[in-house]
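Report on the following structure.
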Amino acid sequence: MVNRLRSWSGWVLFIYLITHFANHAPGLISLDAMEAVQGWLVILWRSPLGTIPLSGALPLHPILAFGPHYSRRPFRLPCSPRCQTPPRR
């Protein structure tokens, strides 16, 4: 369940970034072209169909990605890997 949520939230963020960068590409041609593309993207991401998944995926993806790192025990490393010295025998 956690992996599936993390995957879906990652896809939502990935699609948002692709459309965000696709909005910058017409700016190389002209600002009018960029504003024309921006009109379509605003319709997509500021509608409830785009806003709800994006606002859910934005905090959920980092929480689910870093969660296993913080739940690992022991979180602190012993001295030998920290100092990069061989362990004492």
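Since this is a predicted model, take the numbers as computed values, not measurements. The figures here come from the full heavy-atom set of this structure, side chains too, leaving out hydrogens, waters and symmetry mates.
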Under 3.5 Å, side-chain donor or acceptor atoms of residues 2-10 against the rest of the protein: list the pairs with distances, not counting sequence neighbours.
residue, atom, partner, partner atom, Å
N3, OD1, R6, NH2, 3.2
S9, OG, L5, O, 3.1
S9, OG, R6, O, 3.0
S9, OG, H61, ND1, 2.9

Applying ring pair (Phe, Tyr, Trp, His ring centres under 6.0 Å), which residue pairs with at least one partner in residues 12-36 are found, sequence neighbours left out?
-> W11-F14, Y16-W45, H20-H24
Sequence neighbours excluded and cut-off under 3.5 Å, please list the side-chain donor-acceptor pairs for residues 31-41, or say none.
none

Shortest non-hydrogen contact from P62 to A57?
-> CD-O, 4.3 Å
For P59 and G56, work out which heavy atoms get closest and say how close.
-> CD-O, 3.5 Å
Quick one: do L44 and L54 end up in the same hydrophobic cluster if we chain Ile, Leu, Val, Met, Phe, Trp and Tyr together by side-chain heavy atoms under 4.5 Å apart?
-> yes
In one Ile/Leu/Val/Met/Phe/Trp/Tyr side-chain cluster, 4.5 Å: M1, L60 = yes
Quick one: CD1 on I63 to CG on L58, what's the gap to the nearest 0.5 Å?
-> 10.0 Å
